[in-house]
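Chain letters run A, B, ... following the sequence lines, proteins first and then strands; every chain starts at 1. Remember, predicted model here, so these are calculated numbers, not experimental data. Just so you know, these numbers use all the heavy atoms, side chains as well, and skip hydrogens, waters and symmetry mates.
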Amino acid sequence: MLLAEGVAGPEKGGGSAAAAAAAAASGGAADNSIEHSDYRAKLTQIRQIYHTELEKYEQACNEFTTHVMNLLREQSRTRPISPKEIERMVGIIHRKFSSIQMQLKQSTCEAVMILRSRFLDARRKRRNFSKQATEILNEYFYSHLSNPYPSEEAKEELAKKCSITVSQVSNWFGNKRIRYKKNIGKFQEEANLYAAKTAVNAAHAAAAAVQNSQANSPTTPNSGFQMKDEEFQLDSAESKNTLLSNMFTGGYPAPCYQSDGRIQ
DNA sequence: GTAGATGATTTTGT
DNA sequence: ACAAAATCATCTAC
């Protein structure tokens, strides 16, 4: 973090104007969920406040120094003042102001830390995916029921389509697989729904294919697709959705169509 | 306020 | 490194 670099060490001291100023930058709304852009904006805001405050302090320091010098000069008319004494005074003033600047640095750093932790918390906070996104993910899942393990490329594409991250896609499939397996019955309806959906897509694709080339005879869908995980084999009689999807796809084990209707 | 759904994280196994 | 399973934390509908 840019601001953290300059801070030397822990500095005790009560609340200062600096602390208030820095806190104002991160505080403000009682909004817990901080978006990334929000986070960056607030960070620059803190930085700006830090710099303007620093400048102000510098100016104040100079002003105060000249003020004291004037006072001393005035006093020198009534009593002798050695240059050493003046030097000492200036030294005291500068030390005081630099300690104040330390506090500014400290509180700015604190503000950044608070902002950071809030941002991290916000990321940890769960937000449901959009309906569209779950639609796309479910379409992929149910049309790859025999092997619902998207490759890295597939994950990337899904992530792009759903505007979520690849690891979120991985999380989603991890959760979906385990929850589907745990209670297939509960997902029956959903499975049927998406089977029908992919079937419709397939029909459209088929129609388009026929239009494109009437001479081509329909090729037999790939009979040799692997079933890596027995858990997801669709030959079990208990899986009604299989029957239904088979009806739609002409009796082949699992629909192998992408969401846009193309054959894999 | 609560139950169930859902996304994220942690733990464990390969 | 990746996946399953368990668990946590939040969201949503009631």
Checklist entry - Should A/Glu53 and A/Lys105 count as an ion pair when the cut-off is N to O under 4.0 Å? => result no
Item to check | Salt-bridge contact A/Lys176-A/Glu190 (side-chain N to carboxylate O under 4.0 Å) | outcome: yes
Phosphate OP1/OP2 of [N]: any [X] side-chain N/O under 4.0 Å:
X: A/Tyr149; N: C/dA4; answer: yes
X: A/Lys182; N: C/dA4; answer: no
X: A/Asn175; N: B/dG7; answer: no
X: A/Lys155; N: C/dA3; answer: yes
X: A/Gln168; N: B/dA8; answer: yes

Checklist entry - How close do A/Ser143 and A/Glu139 get, heavy atom to heavy atom, and via which atoms? => result OG-O, 2.7 Å
Checklist entry - Of all heavy-atom pairs between A/Leu72 and A/Ile86, which one has the smallest distance, and what is that distance? => result CD1-CG1, 3.9 Å
Checklist entry - Hey, which of these two, A/Glu152 or A/Arg179, hits DNA chain C nearer its 5' end, going by closest nucleotide? => result A/Glu152
Are the side chains of [Y] and [X] in contact, using a 4.5 Å heavy-atom criterion?
X: A/Trp172; Y: A/Asn138; answer: yes
X: A/Ile92; Y: A/Arg88; answer: yes
X: A/Glu152; Y: A/Val166; answer: yes

Expressed as a whole number of angstroms, how long is the span from [X]:[atom1] to [N]:[atom2]?
X: A/Ile178; N: C/dC2; atom1: CD1; atom2: P; value: 18 Å
X: A/Asn171; N: C/dT7; atom1: CG; atom2: C1'; value: 14 Å
X: A/Trp172; N: B/dA8; atom1: CH2; atom2: P; value: 12 Å

Item to check | Closest to side chain of A/Arg177, choosing from C/dA3, B/dG7, B/dT9 | outcome: C/dA3
Can you tabulate the close N/O pairs, meaning under 3.5 Å, that link protein atoms to atoms of nucleotides 2-5 of chain B?
none

Item to check | Test item: side-chain donor near acceptor, A/Asn175 and A/Arg177, under 3.5 Å | outcome: no
Pairs: protein N or O with nucleotides 12-14 of chain C N or O, under 3.5 Å:
none

Next on the checklist: What's A/Lys176 touching, base or sugar-phosphate or nothing? Going by heavy atoms closer than 4.0 Å.
Outcome noted: nothing
Next on the checklist: Taking any heavy-atom pair under 4.0 Å as a contact, classify A/Phe173: base, sugar-phosphate, or nothing.
Outcome noted: nothing
Item to check | Geometric class of the A/Tyr194/A/Tyr142 ring pair [parallel <30°, tilted 30-60°, perpendicular >60°] | outcome: parallel
